Amino acid sequence: MTPTPTATERDASHAPDDGWVPVPETDRVPDAEPERAGTERAGAERTRTERTGADRTGGAKAGAEWAGVEWTEPDRTGGARTGGARAGGAGGRVGPLLLGVRHHGPGSARGVRAALEAEQPAAVLVEGPAEADALVALAADPGMRPPVALLAHAVDDPGRAAFWPMAEFSPEWVAIRWALERGVPVRFFDLPAARTLAAADPTWSDEGDEDEVSGSGLRIDPVAELARAAGHEDAERWWEDVVELRGDGDPTAPFEALAEAMGALRETYGHGGHPRDLVREAHMRLRLRAARKEFGDSVAVVCGAWHVPALTRRTTVAADKALLKGLPRAKTELTWVPWTHRRLARRSGYGAGIDAPGWYGHLFAAPDRPVERWMTKVAGLLRAEDHPVSSAHVIEAVRLAETLAALRGRPLPGLDETTDAVRAVLCEGSDVPLGLVRDRLVVGDVLGEVPAAAPAVPLQRDLTRRQRTLRLKPEAQERELGLDLRKETDGERSRLLHRLRLLGVHWGEPAAGRAGTGTFRETWRLRWEPELHVQVAEAGVWGTTVEGAATAKAESLALAATALADVTALAEQCLLAGLTDALPVVMRALADRAALDADVAHLAQALPALARSLRYGDVRGTGTAALGEVAAGLAERICVGLPPACAGLDADAAAQMRDRLDAVHAAIGLLHEDRPDTPAAALDGPEPDAGPALPLTPGLGGRWSGVLRRLAGWDRVPGGLRGRAARLLLDEGRLGEGEAALLMSRALSPGTPPADAAAWIDGFVGGASGGGLLLVHDERLLGLVDAWLTGVPDEAFTDVLPLLRRTFSAYEPGVRRTLGELVARGPRSGGPGPSAPGVPGFAPAPDPARADAVLPLLHLILGTEVTA
């Protein structure tokens, strides 16, 4: 089941600042006059274009001008720098240091670090929820390893949540770590999460953002606008060229140019289709004023470049407070949670606006020669996967990437050039190993860590303790976990995973394991996703421990359930999860629903879950006496009411009833199966405490056989159900010699409507039931089918053909080929019979002695002991 989407950070292609405060579409803010071309800036500063006397009509010229900025601009005479976009004069050190960035950009991160080193501010303000100031010190904890995210959720509705992710190469993270390492105060100054989540709709998602229309028109992507003005169609490539791949130089020059370009865009587009940004920016200005009162102008601000012009805008305190007046507030809790590179990637559907977090992380961490180091990483990955890659391949790939960059006019090889070189040289033109490189390196499976001191709900702390005790480490990469329930640790792991699924925390999903009749094996697929922290917070309303919360939720679900099948499924979940305290409540609800429900279809749908629960109860050592009594009552009622319920059904209802018939047959077989004595159970290994068979009601198996016989021979039952009942009896060995052929001959007699006869064939030899092999081994049945098929009138043949095609197309190719050969050969001279004497390896009847001869070899292969 897919969880309710939380408010997440916006994609860079849709939002100017990558959506750091995820506010829903329905949020509305007080009317405010957008910035226009004549808006007065703080300090009465003119832009670079105005100082040179050039005419500027909007963002296009500014973008083109910024695209030509020389990034290696030398230091100014006298050593005084502007320090980035200043709120005051253009040539002095007046006003705070405004560093406009693009979130999760390694070039921006390096620039922020260089600018902070050069300016040495007395305080640092970072874009993020204001309440997170109490958590910022944890960023210096040795146990904190990015990527991580600030998680805020509403206390009364934990599903209403928002994330603020940070990677090692995020400018905000770099600024925080720089400040903490030097003892410089660092604070978040964006709109509080209490304001954001109070107006948030928990069902809100990012879909449809592009279509939102505001007073200034459609939403714009400022990076795309600047790239278009510079004559580039690919905004990502343009940004990578001018920012991410630029060399060292004046650390503040790029921020000045970017602030100027964003100012031109804001003058032209106002809020750019993001009216909520006006409220956020009003709060930012208030926090900036407070910081300047405390620290003077020696304050550095790290925020989305889109907001820089708004921070330099001259407004009054009263005007900013008026924008914030009346906003709702919700009680919230904040903490740090681990994040993953996959959640930073746009392609994950839950991204923060970058396609290649692994590549960006490499660009940020590589001290020098990033292309050579990247190719070496790729070669190491491919070698680990047994792909032949040599040092010569690496050298040639580097040369090709550099050549492609030169041909395309790029300053350094980017991701496109390195990918093309990897495909052509290291992958020898194949996209298969290239997909591995993209998955493991370009995106990556990095999972961050947070220290134990980080705040967490009690349920999260209990889960973390259980994970450590059971050695179940959360991992971003999916892995398969096989459990043997006979072992104490594996049994506890199974119970924990089932309890989490009951609570709606889908860390693990059951997977198909090794086939066998034993119930002591389980296979899980585990992958830890960041949003699981939100699911744990939501589940925290049920209790402070995993077991207590699962018990409370199971009891609540039992009391609220109205369908019998829901209660039986819940009983099965309780047994799997080992929730013995919840079972009495669930069993009372089950008995009440079973006594009141008279619909045989509902009873048939509920019985299989009870049968599985009884089996699970055996292997897990859980008492199931009360469950057995309910199951026995359901089975008896099904035996009495099933034949009348199957009479007179239409095609769709008959198909549904056929599935329920199969499920009930399997359930009754489980309840009365003598498992320790069956060869399959012996080969699969002994089950502890399996005990004897489960004779819930004496003679139930015989009564069920009588029900099947009645269904198989009653003309009022649809053909598909009659054929299926006959097949079940045949498989159980309860049809005498020739009885199956007699039933088939009656069903395929000339007086039977062709559609009903085709449905009977589908029920008897449907592909999913192994009917093809049955026809291969019993030529008598094949002859009956062939004779009926050749006798179907022409006008009816087209009506039954789709059903027959569906039946026979489900057979394996080898089975269809053998059937074709048998039909082409024609019936043997002696007439229909069990098998043709000339077919090697087949006898008229099974030979038990020859069949048993294979058991010693199977025991030797499987390593099992031979039973006496």
Side-chain angles (χ1 to χ4, degrees), residues 1 3 141 143-145 148 151 153 158 161 333 335-340 447-511 513 520-557 570 572-583 616 619-622:
M1 185 179 67
D141 193 292
M144 181 78 80
R145 182 173 65 86
V148 293
L151 165 62
H153 65 84
E333 292 181 351
T335 186
W336 290 101
V337 296
W339 204 252
T340 67
L447 175 64
E449 295 180 2
V450 298
V457 296
L459 183 62
Q460 178 66 62
R461 294 193 177 279
D462 181 68
L463 174 58
T464 302
R465 180 182 62 82
R466 296 294 298 161
Q467 288 172 334
R468 292 174 180 171
T469 301
L470 299 176
R471 299 187 296 279
L472 282 176
K473 183 179 180 181
E475 296 177 352
Q477 186 174 6
E478 183 179 286
R479 68 185 181 100
E480 190 171 279
L481 176 67
L483 301 178
D484 185 343
L485 302 182
R486 296 171 296 183
K487 300 178 180 178
E488 182 178 356
T489 300
D490 282 359
E492 289 295 327
R493 289 173 173 174
S494 172
R495 283 186 280 274
L496 174 64
L497 294 173
H498 280 293
R499 289 168 183 173
L500 290 176
R501 292 190 76 232
L502 181 60
L503 289 170
V505 181
H506 297 275
W507 175 24
E509 293 294 336
F520 57 85
R521 291 190 182 93
E522 282 185 351
T523 304
W524 293 81
R525 289 193 178 94
L526 304 180
R527 170 179 280 182
W528 186 264
E529 302 286 4
E531 64 267 25
L532 293 179
H533 290 281
V534 178
Q535 296 175 7
V536 173
E538 288 182 285
V541 300
W542 297 105
T544 58
T545 66
V546 176
E547 181 178 4
T551 299
K553 185 173 183 180
E555 293 175 348
S556 176
L557 291 175
L570 181 61
E572 182 180 10
Q573 286 181 295
C574 290
L575 287 171
L576 291 171
L579 302 177
T580 55
D581 292 341
L583 274 177
Y616 291 134
V619 72
R620 295 167 187 270
T622 307

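Keep in mind that what you see is a predicted model, and the values were worked out from it rather than measured.
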- Message: Around atom CD of E488, are there more than 12 heavy atoms from other residues, nucleotides or ligands closer than 6.0 Å?
- Response: no

- Task: Grab the two heavy atoms, one from L459 and one from G540, that are nearest each other, plus how far apart they are.
- Result: CD2-N, 3.6 Å

- Query: Just how far is it from atom CZ of R527 to atom CG of L447, taken to the nearest 0.5 Å?
  - Reply: 11.0 Å

- Smallest heavy-atom separation, L583 atom then C574 atom, equals CD2-CB, 3.9 Å

- Could you give me the CA-CA distance, side-chain angles and deciding distance for T489 and R471, then say whether side-chain contact (heavy atoms from CB on, under 4.5 Å) is met? CA-CA 9 Å; T489 300; R471 299 187 296 279; 4.2 Å; yes

- Quick one: closest heavy-atom pair of L570 and A554, and the distance? CD2-O, 3.4 Å

- Message: To the closest 0.5 Å, what do you measure between CG (L576) and CG (L485)?
- Response: 9.0 Å

- Looking at side-chain heavy atoms only, is the closest gap between V457 and H153 below 4.5 Å? yes

- Query: In Å and rounded to the nearest 0.5 Å, what is the CG to CZ distance from L483 to R495?
  - Reply: 10.5 Å

- Task: Determine whether the aromatic ring centres of H533 and W339 lie less than 6.0 Å apart.
- Result: no

- Query: Can you tell me how far NZ of K473 sits from CZ of R468, rounded to the nearest 0.5 angstrom?
  - Reply: 11.0 Å

- All heavy atoms of V450 vs all of V337, minimum pair found to be CG1-C, 3.6 Å

- Item | Backbone of D490 reached by a side-chain donor or acceptor of S494 within 3.5 Å | no

- So, do P338 and E449 sit near enough that their side-chain heavy atoms are less than 4.5 Å apart? no

- Note, L532 side chain near L500 side chain (heavy atom, < 4.5 Å): no

- About how many Å separate OG1 of T523 and CZ of R521, when rounded to the nearest 0.5 Å? 9.0 Å

- E522 vs L497 side-chain heavy atoms within contact, under 4.5 Å: no

- Task: Sort out for me which residue in L579, T545, V546, L502 forms a side-chain contact (heavy atoms from CB on, under 4.5 Å) with T551.
- Result: L579

- Item | For A511 against R525, the heavy-atom pair lying closest together | CB-NH1, 3.1 Å

- Message: E509 vs R501, test: salt bridge (Lys or Arg N to Asp or Glu O under 4.0 Å). Steps then yes/no.
- Response: CA-CA 8 Å; E509 293 294 336; R501 292 190 76 232; 3.4 Å; yes

- Begin with the C-alpha distance, continue with both residues' side-chain angles, and end with the deciding distance and a verdict on side-chain contact (heavy atoms from CB on, under 4.5 Å) for E547 and R499. CA-CA 7 Å; E547 181 178 4; R499 289 168 183 173; 3.7 Å; yes

- Query: Would you call E492-R466 a salt bridge at under 4.0 Å N-O?
  - Reply: yes

- Gap between atom CG of L472 and atom CH2 of W507 - 0.5 Å precision: 4.5 Å

- Query: Which heavy atom in Q467 sits nearest to a heavy atom in W528, and how many Å separate them?
  - Reply: NE2-CZ3, 3.7 Å

